[in-house]
Structures are given as C-alpha cells and as structure tokens.
Amino acid sequence: MTAGVDFFSLAVLYTRLVRIFVTRALIRAPEEREFLMARKIRAVVLYVLLLGLSGIVGCGGCGSKSPLGYVPYDAAAVMVVPSVKKSFDHMKKLLNNFDDGGIASTLLGQKKAEIVDQLGFDPENADSLKKIGVDPSQGLVVSVTALGEVAIVLTTADKAKFEAYLKAQLKKHLNDEISVKETTVSGVTSTVLFKPGEEAKPVAAWSVVKKHFIFCIDADKRKPAHYLAQLTKLKKTIATNKAFNKLKGKIGKHDLLFYVSAEAIKKQTAKKREEKLAKASDWMKKYIKEKQETEEKVMAYFEALVFGVELSGKSAAIRAYVAIPPEKGKAIHAVLKGVGKASDFGKFIGPDAIALARFSLNLNNLMDKVIELSPDARKGKLTKNADKIKEATKLDLKKDILGAFAGRYAFALYPPSSLGKLIKPNARPKDILSAIPAALLVQMASAEKATKLMAKLTDLAQQGGVPLQMKAEKDA
C-alpha cells in the first residue's frame with residue numbers, strides 16, 4: 001500500500017516535536033532552573049521557527065524593507081526562504097508524489113481537529129494563516145550573529161491578531177512559565193518575554209515594524225529588546241554583503257538557502273577563547289593556545305559556505321558551495337578529488353531509490369592534511385597509531401588501506417521495509433535504521449588492492465568472531 005505525504009503529516013511531526021522539546025525543557029527539578037533557561041529559549045525559537053517553516057516563506061513588497069533589511073551585514077549565519085507560494089507549492093507537490101510505503105496514511109490516524117487545535121491553524125490551508133494575522137504570501141529570514149544573537153523575521157497581515165495568537169500559543173505550550181510585558185528602547189516598543197519574577201533577565205523580545213514581525217534572542221547579554229531596536233536602525237545589512245551575494249548567485253534557483261560566514265565564526269571563537277583564558281590556569285592557557293593555533297590553521301581554508309535546496313514535484317536538489325582563499329584552493333581540490341576514472345554508480349543503485357548522494361574524498365590526501373594541521377604532540381600520536389596498525393595487520397595504513405580506495409563514494413536509501421518499526425512510540429535508532437534499506441558504494445583503486453584489503457579484513461573479522469558472508473557480483 002502506498003500513499004502521498006501531505007502537510008498533515010508534517011503537522012503531526014511538528015506537534016510531537018513541540019511537545020517533546022517544550023515538555024523536556026520544563027519538567028525538571030528546581031535545582032536545574034538556571035540550566036533550563038537556555039532550553040526554554042531554544043523551545044521558543046523552535047516554536048517560532050517551525051511556525052515559519054510551516055508555510056510562512058519568502059518576501060515580496062513587504063513595507064519599505066525586505067526581511068533581509070533586518071539582518072546585520074556581518075551575520076554569522078542566515079537562513080532565507082525567498083519565495084512564498086512557490087516554496088509552499090513545490091514542497092506539497094513533492095510530498096504528495098513521494099512513495100512512502102504507507103507511512104502517511106498511518107500517521108494521519110490522528111484527527112484533523114486535533115492537529116488544527118495544536119497548531120492553531122490549518123496547515124493545508126494558506127488562508128487560515130490570515131486568520132491568525134500572518135500574510136501567507138510573504139517571508140521568513142533567520143539570522144545569527146557572531147555573539148549568538150538570534151533574529152527571526154516574517155511578515156504579518158494583522159499585528160493584533162498575530163500577537164494575540166502568539167501569546168495564546170506560548171501560554172498553551174509553555175504552561176505559564178513565561179510572562180510578557182511591553183518595553184520601549186530607542187523609540188521601538190517591543191514585547192519582552194521573561195520568567196516570572198525575573199524581569200531583569202528577559203528571554204526574548206518581539207515587535208512588529210512596518211508589518212515585519214521581528215523576534216529576537218540575546219542569550220549572552222539578556223537584552224533582546226536592545227538588539228531588536230538595533231536591527232530596526234541598521235545602516236549596513238546582509239543584502240549589501242558582497243560575499244553573501246556572490247555565493248547566493250552560485251546557488252541559482254532555490255526554495256531555501258543557508259549561509260555561514262567563517263569570518264564571523266572566527267570572531268565568536270576568539271571571544272569565547274578570551275573568556276576562557278581569563279579564568280584558566282597556566283597549564284590550561286597553554287592547552288587553549290595550542291588549540292587556537294590548530295583552529296586558525298583549519299579556518300584559514302574557509303571564507304564562507306552556502307547551500308540551497310531546490311524543490312520540484314519529483315525531487316529535492318541540494319547544491320553547496322564553499323568560498324576558499326585562492327592560495328588554499330589546490331590543497332582542498334587534492335582532498336576532494338578521486339583517483340582514476342569515475343565509476344558509474346548509477347547502474348548499481350536502481351530506479352527505486354528515494355534518496356541518493358555521491359561525493360569524492362581522497363583519504364590519503366585527507367590524512368596528510370590532518371597531520372599537517374595537527375599540533376606537534378598530536379602528529380606524533382598519529383604516526384604511532386599508523387605503526388600499530390601495520391604491526392597488527394601487516395598492512396601499511398597509507399599504501400594498503402587508504403591507498404586501496406579510489407576516493408569516490410555513493411549512498412542510496414530505499415523505501416522503508418517495515419512501517420511498524422518506524423512509527424512505534426518507543427522505536428530505537430537501530431530499529432529505525434533496520435527498517436530503511438540502504439546501500440553504500442565505494443570505488444576501489446584496483447581489483448588487486450581491493451582483494452588484498454578485503455581478504456585481510458575478512459581474516460581479522462573471523463578472528464574476532466564476526467560472521468561474514470562474501471558475495472561476488474556474478475553471484476548477485
């Protein structure tokens with residue numbers, strides 16, 4: 001039996017996620033209350049983010065700014081859904097065409113009324129979003145700064161309706177653990193969320209500016225209203241960032257885009273390192289500085305990363321690009337390049353695969369690069385480990401083991417074989433994995449090297465009592 005997955009399936013999963021994350025964040029002993037504050041913040045973020053991903057995407061002519069107008073120029077990470085209706089329709093078509101082996105029909109055993117009650121709107125009906133004050137034809141942007149400040153921006157159709165809806169949902173899912181009040185900073189009035197009795201330590205703040213709903217978290221300074229006010233007065237935004245726009249152009253068409261700036265990550269790492277050094281002992285300072293040297297060597301190979309998701313009625317394509325300093329390009333290319341002629345993995349995978357990925361990774365060159373970037377003390381350990389492997393297996397790590405691989409791989413997933421294992425409430429990870437057939441294909445450098453390596457691995461496995469069954473292609 002087969003069925004298409006529709007948005008009610010997502011709603012079921014959405015509802016369960018909210019219940020799990022929020023419940024686990026709140027039901028704890030009193031001594032864990034401080035630790036819980038971070039979890040409550042994540043619970044609020046999760047709720048608003050999932051709300052946006054349920055159908056509030058893109059931005060057209062919303063006020064004088066687009067949502068990107070509220071993202072700092074030097075943001076560490078940005079998520080953008082640029083087109084509303086297209087993204088929503090593409091996702092729905094894709095899920096409806098997806099052959100899921102009957103999972104959807106089983107999950108949809110929950111009543112529609114229950115799903116709508118939990119979400120507060122009908123996830124299949126875009127017009128129902130208007131009833132809660134959201135403009136379904138507009139947009140969503142999520143940004144994070146190097147200091148950990150988070151902002152979510154979407155577009156409303158009715159400010160009063162949406163704020164009333166959001167307060168009702170927070171009360172419903174957070175069990176009155178969060179209180180709200182209005183405050184004004186630099187002329188911007190916002191609603192601040194805080195734990196009862198701790199107004200001086202707000203969790204988050206929101207406001208509606210020119211139809212844009214802005215939700216902010218400043219977990220470090222605990223001044224989300226101040227950060228929100230800053231966002232409304234930005235002189236330079238991510239929309240004018242050349243690195244962001246260049247990589248965005250590389251992606252081409254997309255329904256969802258993620259961007260990460262290595263420079264911003266470096267700043268965040270440096271800030272945390274300074275805090276640790278200020279409290280560290282002399283011995284720990286030495287360790288922190290050694291770690292710093294390694295991190296700086298690694299980060300020198302990256303400037304920024306972007307990946308986009310393009311949806312159609314039949315597939316979801318993911319494209320990713322990494323901006324690399326010109327002087328580091330050859331070294332990275334050597335790690336990501338296979339040996340010899342590429343294998344035709346397609347003929348081994350079959351037309352019934354529901355997901356496919358292929359990539360290249362030269363293990364020998366990767367090991368050389370890892371050793372090069374490692375601290376001196378770690379380099380010696382890596383060399384000793386290679387010697388131990390050779391002594392135990394009679395195989396040289398670089399020549400006989402890593403050198404046996406051509407550096408090209410493919411991975412495929414197939415329709416689930418058992419619905420029961422996937423949907424039972426107490427399903428364990430190994431149960432879920434065993435219910436989803438998968439195939440890993442590896443291109444070897446030569447038949448001779450592959451035979452030698454497999455023979456040795458088989459011998460070692462049998463010595464360890466691991467049962468193996470070898471099967472040649474002609475026997476398949």
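- Within 6.0 Å of the NZ atom in K381, the count of heavy atoms belonging to other residues, nucleotides or ligands does not exceed 12.
- Annotation: side chain of K347 is in contact with side chain of D344 (closest heavy-atom distance under 4.5 Å).
- S143 contributes no side-chain N or O that, together with a main-chain N or O of A75, makes up a donor-acceptor pair within less than 3.5 Å.
- Judged as a side chain to side chain donor-acceptor pair (under 3.5 Å), and not counting sequence neighbours, S360 has no contacts.
- Within a 6.0 Å radius of NZ in K398, other residues, nucleotides and ligands contribute more than 12 heavy atoms.
- Inter-residue side-chain proximity for F411 and R358 is flagged as unmet; no heavy-atom pair is nearer than 4.5 Å.
- More than 12 heavy atoms of other residues, nucleotides or ligands sit less than 6.0 Å from atom NZ of K266.
- Ring-plane geometry between F405 and Y409 is classed as tilted, the angle between the planes lying from 30 to 60 degrees on a 0 to 90 degree scale.
- Under a cut-off of 6.0 angstrom, the local environment of NZ in K286 is sparse, with at most 12 non-hydrogen atoms contributed by other residues, nucleotides or ligands.
- In this structure, F215 and W206 have parallel ring planes: the angle between them is below the 30° cut-off, well short of the 60° mark.
- For F359, the CZ atom is densely surrounded, since the number of other residues' heavy atoms within 6.0 Å is greater than 12.
- Here the side chains of V78 and V142 are not in contact, with every heavy-atom distance at 4.5 Å or above.
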Tabulate below the donor-acceptor pairs under 3.5 Å that side-chain atoms of residues 297-308 make, not counting sequence neighbours, or state none.
{"unit_1": "Y301", "atom_1": "OH", "unit_2": "K369", "atom_2": "NZ", "d": "3.0"}

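- No side-chain donor-acceptor contact under 3.5 Å links K159 to the backbone of S207.
- By the 4.5 Å heavy-atom criterion applied to side chains, L441 and I349 are counted as neighbours.
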